[in-house]
Amino acid sequence: MSANVPALRLRAVRIDTDSENVAYLARGCTACRVDVLRAAQKVAVSVAGAAPDAEPMLAVLNVVDDSSIVGPDELGLSEQAFAMLGVPAGTLLTIGPAARPASLDTVRRKLQGEPLDLASMRAIARDIAARRYARSEIAAFLVACGREDLERDEVLALTRAMLETGERLDWREPLVADKHCIGGIPGNRTSMIIVPIVAAHGMLIPKTSSRAITSPAGTADTMQVLAEVELAPARLHEIVLRERGCIAWGGTARLAPLDDLLISVERPLALDSPGLMVASILSKKLAAGSTRLLLDIPVGPSAKVRSLADAQRLRKTFEHVGRALGLHVEVTVTDGTQPIGRGIGPVLEARDVMAVLESRPDAPQDLRAKSLRLAGRILEFDPDVRGGDGEGLARDILESGRAAAKMASIIDAQGRRLQPPGPGRLVAEIVAPRAGRVVGFDHLRLARAARQAGAPASPGAGLDLLVRLGDAVRAGQPLYRLHAETSGEFDLARRGCDADAGIAIA
């Protein structure tokens with residue numbers, strides 16, 4: 001950076017740029033030539049008078065013609081960049097063209113099909129975590145990893161590199177359980193039932209989850225309907241030790257934070273390749289201090305995994321990476337032919353979860369049965385629980401009310417929502433076009449409909465299923481209810497559902 005560049009006053013620009021650092025300069029900036037800086041696309045920002053070896057903050061440059069946003073003697077920073085720089089508005093800053101990250105050459109080699117070693121993955125991970133990549137450059141890395149997928153050793157290298165970008169929790173206990181589903185099945189909110197069952201048994205199960213990537217709701221999105229999920233590390237630690245479990249978002253605790261940056265780019269592009277998925281899941285579990293992981297891989301004609309052979313290949317990758325990094329991974333392959341539960345979307349899925357925990361008559365029985373089966377497998381991690389006895393023990397904990405009581409305690413500890421949102425106020429029934437029998441569900445189509453309706457950003461948006469596989473239906477019978485909060489999203493989702501309901505009728 002040139003020492004001759006005059007200083008600019010810092011101005012906070014209240015624009016959420018979704019994990020990307022953005023700097024704003026007036027086109028008529030008096031301190032530097034905007035056209036020269038713009039040619040570099042990214043700028044390096046430093047506090048005036050900082051030590052020569054101080055690391056500058058990199059940001060994507062936007063040029064502004066509105067003086068109400070940034071003046072000619074000011075440098076504006078987006079919310080993300082302002083928080084990262086950590087100095088008050090009015091601080092004098094200097095800027096200059098940003099050096100191109102050397103690791104981008106490695107990304108280019110990967111795009112050409114060259115496998116990457118641990119050193120290469122570490123360099124890329126460090127630069128992305130330090131916000132040296134623009135979103136387009138992160139997208140290039142994700143596409144490079146997903147085009148032909150990663151080799152097994154590349155997945156191990158990426159997992160290790162992602163793990164090293166953040167904190168690691170240490171619970172100082174030999175058995176720390178966790179459960180994860182690779183996703184792709186609408187509903188399927190078993191973790192929110194399993195955690196209170198296992199915690200009520202006394203086993204430690206700190207469940208940290210990412211936000212939804214391609215689905216209408218992740219575990220963190222659904223739990224946020226009921227309680228606070230963005231917990232500082234100290235508070236998270238306190239809650240888990242007291243309650244023996246939690247259901248929280250992993251981003252606030254800085255657990256493999258690179259994963260959250262990658263997800264912010266994967267989500268709009270709907271990227272979810274197997275190698276990236278393994279690295280994302282295992283880096284988060286290892287960072288959360290887990291020692292034993294039960295992994296659910298649903299298999300079905302429109303699930304993420306379509307065949308048992310694909311499931312076995314994925315299982316071997318999970319086990320290989322987990323073993324190399326000290327995490328015991330146990331994989332269960334489950335039925336992914338239809339959604340689990342009735343709700344698709346945060347509010348509707350939270351409703352199903354609480355119905356199961358409270359043993360209500362209207363609770364979806366498929367969600368209850370699957371949750372008990374998986375909870376039983378985790379309880380058998382306990383050396384005092386004999387093999388085969390876990391599911392019965394899980395059922396006893398649920399039916400006795402201990403699981404519901406534990407869930408209430410976890411919700412209160414994390415911060416109960418005093419006025420939880422309800423289902424979206426705009427409602428339409430999507431009906432069967434003809435009489436027949438339900439023979440299939442298109443998970444991708446149903447998930448897309450719920451996302452078009454606004455989920456998970458609008459927690460009340462989504463679908464409420466009214467039929468199951470094998471059900472006989474008549475022409476005009478409702479297949480599901482569509483919920484949305486805004487008319488634009490409602491109309492978009494309804495048009496899509498009318499064109500293709502996502503449910504096959506023979």
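Quantities reported herein were computed from a predicted structural model and do not represent experimental measurements.
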Next item on the list: Report the C-alpha distance between Glu164 and Arg160 in whole Å, list the side-chain angles of each, state the deciding distance to 0.1 Å, and finish with yes or no for salt bridge (charged side-chain N to carboxylate O under 4.0 Å, His left out).
Entry: CA-CA 6 Å; Glu164 292 170 355; Arg160 194 185 298 275; 5.4 Å; no

What is the minimum heavy-atom distance between [X] and [Y], and which atoms define it?
X: Pro456; Y: Ala217; result: CB-CA, 4.3 Å
X: Met84; Y: Asn21; result: SD-ND2, 3.3 Å
X: Ala455; Y: Gly345; result: CB-CA, 4.4 Å
X: Gly245; Y: Ala199; result: N-CB, 4.2 Å
X: Leu379; Y: Ala394; result: CD1-N, 3.7 Å
X: Cys246; Y: Pro206; result: SG-CA, 3.9 Å

Rounded to the nearest 0.5 Å, how far does [atom2] of [Y] lie from [atom1] of [X]?
X: Leu116; Y: Cys145; atom1: CG; atom2: SG; answer: 7.0 Å
X: Asn188; Y: Cys181; atom1: CG; atom2: SG; answer: 4.5 Å
X: Leu85; Y: Gln80; atom1: CG; atom2: CD; answer: 11.5 Å
X: Leu262; Y: Met162; atom1: CG; atom2: CE; answer: 5.0 Å
X: Arg445; Y: Ser302; atom1: CZ; atom2: OG; answer: 12.5 Å
X: Phe82; Y: Thr91; atom1: CZ; atom2: OG1; answer: 7.5 Å

Next item on the list: Could you walk me through whether Ser290 and Leu327 pass the side-chain contact (heavy atoms from CB on, under 4.5 Å) test, one step at a time?
Entry: CA-CA 7 Å; Ser290 303; Leu327 175 65; 4.2 Å; yes

Non-hydrogen side-chain atoms of [X] and [Y] separated by less than 4.5 Å:
X: Leu348; Y: Pro423; result: yes
X: Glu489; Y: Ser458; result: yes
X: Glu485; Y: Leu426; result: no
X: Val195; Y: Lys179; result: no
X: Asp335; Y: Pro298; result: no
X: Ile344; Y: Tyr480; result: no
X: Thr159; Y: Leu325; result: yes
X: Met121; Y: Glu154; result: yes

Is [X] reaching over with its side chain to a backbone N or O of [Y], donor-acceptor style, under 3.5 angstrom?
X: His443; Y: Lys304; value: no
X: Glu228; Y: Gly415; value: no
X: Ser78; Y: Val22; value: yes
X: Glu399; Y: Asp396; value: no
X: Arg368; Y: Ala355; value: no
X: Lys370; Y: Ile340; value: no
X: Thr222; Y: Gly218; value: yes
X: Ser409; Y: Glu243; value: no
X: Arg306; Y: Ala303; value: yes
X: Ser371; Y: Leu367; value: yes

What donor-acceptor contacts under 3.5 angstrom involve side-chain atoms of residues 278-287, with partners at least two apart or in another chain?
unit_1 : atom_1 : unit_2 : atom_2 : d
Ser280 : OG     : Asp259 : OD1    : 2.6
Ser280 : OG     : Asp259 : OD2    : 3.1
Ser283 : OG     : Ala279 : O      : 2.8
Ser283 : OG     : Ser280 : O      : 3.1
Lys284 : NZ     : Leu255 : O      : 3.0
Lys284 : NZ     : Ala256 : O      : 3.2
Lys284 : NZ     : Asp259 : OD2    : 3.3
Lys284 : NZ     : Asp260 : OD2    : 3.2
Lys285 : NZ     : Asp178 : OD2    : 3.3
Lys285 : NZ     : Thr208 : O      : 3.4

Item checked: Between Thr332 and Asp296, a side-chain donor and acceptor under 3.5 Å -> no

Margin query: Evaluate Ser103 against Phe141 for side-chain contact (heavy atoms from CB on, under 4.5 Å), listing each step before the verdict.
Written below: CA-CA 10 Å; Ser103 64; Phe141 171 64; over 6 Å; no

Notebook entry, point to check: Salt bridge between Arg242 and Glu238, side-chain N to carboxylate O under 4.0 Å?
Noted result: yes

Notebook entry, point to check: Just wondering, are more than 12 heavy atoms of other shown residues or ligands nearer than 6.0 Å to CZ in Arg235?
Noted result: yes

Next item on the list: Report the C-alpha distance between Arg386 and Glu380 in whole Å, list the side-chain angles of each, state the deciding distance to 0.1 Å, and finish with yes or no for salt bridge (charged side-chain N to carboxylate O under 4.0 Å, His left out).
Entry: CA-CA 7 Å; Arg386 192 168 54 188; Glu380 289 172 10; over 6 Å; no

Note to self: Per the salt bridge (charged side-chain N to carboxylate O under 4.0 Å, His left out) rule, what does the pair list look like for residues 351-363, sequence neighbours excluded?
What the structure shows: Arg351-Asp464, Glu358-Arg360

Check: Which residue, Arg416, Lys207, Met223, Met192, forms the side chain to side chain contact (heavy atoms under 4.5 Å, CB included) with Ile410?
Finding: Met223

Checklist line | Among Val240, Thr291, Val198, side chain to side chain contact (heavy atoms under 4.5 Å, CB included) partner for Leu204 | finding: Val240

Next item on the list: Please lay out, stage by stage, how Met354 and Leu226 fare under the test side-chain contact (heavy atoms from CB on, under 4.5 Å).
Entry: CA-CA 10 Å; Met354 296 311 296; Leu226 307 173; 3.9 Å; yes

Notebook entry, point to check: salt bridge (charged side-chain N to carboxylate O under 4.0 Å, His left out) between Glu349 and Arg189: does it pass, once the steps are laid out?
Noted result: CA-CA 7 Å; Glu349 293 178 26; Arg189 203 50 59 215; 2.8 Å; yes

Note to self: If you apply the rule side-chain contact (heavy atoms from CB on, under 4.5 Å), what do you find for Ile197 with Leu372, and how did you get there?
What the structure shows: CA-CA 9 Å; Ile197 290 175; Leu372 288 175; 4.1 Å; yes

Next item on the list: Hey, can you tell me if His328 and Phe381 have their rings parallel, tilted or perpendicular (30° and 60° cut-offs)?
Entry: perpendicular

Checklist line | Arg131 and Glu20: CA distance, side-chain angles, deciding distance, salt bridge (charged side-chain N to carboxylate O under 4.0 Å, His left out) verdict | finding: CA-CA 7 Å; Arg131 308 301 204 281; Glu20 183 169 43; over 6 Å; no

